[in-house]
Colleague: 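Take a look at this one; I'll ask things after.
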Amino acid sequence: MREIGAGELRHLARGAAILGTGGGGDPYIGRLVAEQAVLEYGPVLVAELHEVPDDALVAGIGMIGAPTVMIEKLPAGEEAVTAFLTLQREIGRPITHVLPIEVGGMNSLAPFPVAASLGLPVLDADCMGRAFPMVQMVVCTLDGVLAKPLAIADEKGNAIVLDVSDNHWAERLARSATIGMGCTALMSSFPMSGKQARDITIPGTLTLASRLGRLVEEARRKHVDPCEAIASFLGGQVLFTGKVVDVMRTTDPGFAKGEARLEGNGASCRLEFQNEHLVASRDGEVIASVPDLICVLDADGEPVPAERLRYGQRVVVVGAPCHPRWRTPEGLALVGPSAFGYSHEYAPLGTPYP
């Protein structure tokens with residue numbers, strides 16, 4: 001195990017926001033909440049998967065809702081702890097480890113207030129290897145691990161528990177409850193044994209995010225293009241460089257949906273998002289699509305969340321390959337283009353779309 005203190009959270013937040021492909025909640029807000037908890041209770045222990053006993057009880061933590069709303073409806077800071085303790089009471093025995101449901105923006109940091117205040121370790125893993133907008137879009141679904149029970153808590157102190165038949169129903173019911181709570185809330189779910197966590201979760205993603213966050217600062221010190229450095233580190237490529245000339249955004253139903261149009265070097269790029277960036281098109285032709293990562297950065301390599309895209313920003317769009325599990329037929333059925341209503345077939349990053 002290793003300790004993560006307040007100083008490292010900056011690197012983790014930046015790297016997680018890059019991996020989050022524009023979603024996962026605002027990294028700055030998430031960092032402030034996590035830093036406050038670490039400063040109050042002390043550093044958090046992060047455990048690698050091989051250090052988790054078979055009989056450990058692991059539970060995931062994450063934000064649910066529209067990230068655009070959280071910019072104005074700030075978290076109180078106790079929602080994750082309330083959701084976690086509500087889940088623990090429902091299960092009836094102590095949860096020993098906490099797990100980020102996704103590595104993205106605020107959600108990589110969401111377990112830290114729970115871990116710091118209750119003295120529990122956070123697993124160096126997650127259930128996506130990036131960020132996706134819906135509860136069922138996790139490797140747990142591919143392996144039959146249910147979001148059951150599922151606890152949701154808001155900033156007003158309300159908490160509910162859902163007993164669901166499958167993870168698609170978890171999304172449907174949890175989304176409805178979140179809308180009633182004001183379109184953002186914190187959830188705790190996907191209870192699993194330590195053995196299940198080792199077998200199915202995506203390992204090392206918190207370490208990956210921290211390394212990525214440090215890489216940005218190192219590139220600046222060495223006067224290297226940080227966006228190119230990020231693309232190289234992730235095995236991806238720069239897809240487009242230009243200026244944001246238009247943004248259309250709505251909150252419906254409980255998601256931040258919309259598109260942004262970029263122009264640069266005589267070409268145009270359209271980004272379509274649902275919390276996360278889903279599709280990038282250049283001059284009307286798809287060049288990258290879910291489940292691959294589409295990351296939007298400023299010239300200094302700082303990630304730009306989808307909810308903070310604004311007219312006039314100069315940005316760089318980087319594409320990177322997703323975890324191999326999402327490129328399987330089962331993975332694509334769950335998180336590929338058709339899962340979001342697109343008609344195009346998925347083509348791995350770097351290959352032409354039909």
Side-chain angles (χ1 to χ4, degrees), residues 1-13 15-16 25 27 29-63 75-103 105-127 145 147 149-155 157 159 161 185-198 201-210:
M1 293 192 189
R2 64 185 179 91
E3 284 187 346
I4 287 187
E8 189 174 342
L9 292 175
R10 182 181 77 255
H11 303 301
L12 177 55
I29 295 172
R31 195 188 90 200
L32 291 181
V33 174
E35 282 178 345
Q36 179 60 39
V38 168
L39 290 172
E40 183 174 354
Y41 297 105
V44 168
L45 287 175
V46 174
E48 295 182 30
L49 286 176
H50 69 83
E51 298 176 305
V52 182
D54 284 359
D55 60 353
L57 180 56
V58 179
I61 303 285
M63 187 200 86
E78 297 298 322
E79 295 92 325
V81 177
T82 301
F84 176 86
L85 293 177
T86 300
L87 178 69
Q88 184 170 258
R89 285 196 299 271
E90 183 69 15
I91 293 173
R93 65 188 182 97
I95 299 170
T96 59
H97 297 72
V98 290
L99 168 77
I101 293 174
E102 66 181 19
V103 57
M106 174 181 176
N107 272 336
S108 291
L109 301 166
F112 280 75
V114 176
S117 61
L118 301 180
L120 301 175
V122 176
L123 292 192
D124 186 5
D126 81 300
C127 302
V145 174
L150 187 153
I152 307 175
D154 67 10
E155 79 286 355
V161 176
L186 270 292
M187 61 174 276
S188 184
S189 191
F190 296 104
M192 65 186 86
S193 68
K195 183 179 186 308
Q196 286 175 309
R198 287 201 309 276
T201 62
I202 297 174
T205 47
L206 292 184
T207 296
L208 174 64
S210 292

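Index from 1, following the sequence.
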Colleague: What's the separation between atom CG in Leu208 and atom CG in Leu12, rounded to the nearest 0.5 Å?
Modeller: 10.5 Å
Colleague: Does anything in residues 52-62 pair up under salt bridge (Lys or Arg N to Asp or Glu O under 4.0 Å), and if so which pairs, sequence neighbours excluded?
Modeller: Asp54-Arg198
Colleague: Work out which heavy atom in Pro203 is nearest to a heavy atom in Ala125; give both atom names and the distance.
Modeller: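 Heavy atoms of Pro203 and Ala125 come nearest at CA-CB, 4.1 Å.
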Colleague: Which residues pass the salt bridge (Lys or Arg N to Asp or Glu O under 4.0 Å) test with Glu78, not counting sequence neighbours?
Modeller: none
Colleague: List the residues meeting side-chain contact (heavy atoms from CB on, under 4.5 Å) with Ala147, not counting sequence neighbours, and say none if there are none.
Modeller: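 Ala147: side-chain contact (heavy atoms from CB on, under 4.5 Å) contacts with Val135, Leu150, Asn167, Ala170, Ser189, Phe190.
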Colleague: Per the side-chain hydrogen bond (donor to acceptor under 3.5 Å, both in side chains) rule, what does the pair list look like for residues 115-126, sequence neighbours excluded?
Modeller: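 Qualifying pairs, neighbours excluded: Asp124-Thr207, Asp126-Thr205.
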Colleague: Compare all side-chain heavy atoms of His97 with those of Pro121 and state whether any distance is below 4.5 angstrom.
Modeller: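 With C-beta onward as the side chain, the pair touches.
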Colleague: Find the distance between CE (Met187) and OG1 (Thr86) and round it off to the nearest 0.5 Å.
Modeller: 13.0 Å
Colleague: Can you measure from CG (Leu49) to OG1 (Thr201) and round to the nearest 0.5 angstrom?
Modeller: 4.0 Å
Colleague: Quick one, Ile101 with Asn107, criterion side-chain contact (heavy atoms from CB on, under 4.5 Å). Give me CA distance, side-chain angles, the key distance, then yes/no.
Modeller: CA-CA 7 Å; Ile101 293 174; Asn107 272 336; over 6 Å; no
Colleague: Between Ala209 and Val103, what is the shortest heavy-atom contact and its length?
Modeller: CB-CG2, 4.2 Å
Colleague: Mark yes or no for whether Glu51, through its side chain, and Met1, through its backbone, hold a donor-acceptor pair below 3.5 Å.
Modeller: yes
Colleague: Strictly distance-based, threshold 3.5 Å: is any side-chain N or O of Thr96 a donor or acceptor partner for the main-chain N or O of Leu57?
Modeller: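 Such a contact is found between Thr96 side chain and Leu57 backbone.
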Colleague: Name all residues meeting the salt bridge (Lys or Arg N to Asp or Glu O under 4.0 Å) criterion together with Glu48; count only those two or more places apart in sequence or in a different chain, and write none if there are none.
Modeller: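 Partners of Glu48 by the salt bridge (Lys or Arg N to Asp or Glu O under 4.0 Å) criterion come out as none, since no residue qualifies.
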Colleague: Considering the options Ile4, Val44, Leu32, which one meets the side chain to side chain contact (heavy atoms under 4.5 Å, CB included) requirement together with Leu9?
Modeller: Ile4
Colleague: Pairs in or reaching into residues 81-93: which pass salt bridge (Lys or Arg N to Asp or Glu O under 4.0 Å), with residues at least two apart or in two chains?
Modeller: none
Colleague: Tell me, with the steps shown, if Leu206 and Val122 meet side-chain contact (heavy atoms from CB on, under 4.5 Å).
Modeller: CA-CA 9 Å; Leu206 292 184; Val122 176; 3.7 Å; yes
Colleague: Could you tell me whether the side chain of Glu8 reaches within less than 4.5 Å of the side chain of Val38, counting heavy atoms only?
Modeller: no
Colleague: How far does CD of Glu79 sit from CD1 of Ile152, to the nearest 0.5 angstrom?
Modeller: 13.0 Å
Colleague: Taking side chain as C-beta onward, heavy atoms only, is Cys127 less than 4.5 Å from Leu99?
Modeller: yes
Colleague: Which pair of heavy atoms, one from Ala13 and one from Pro27, lies closest together, and at what distance?
Modeller: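 Closest approach of Ala13 to Pro27, heavy atoms only: O-CB, 3.8 Å.
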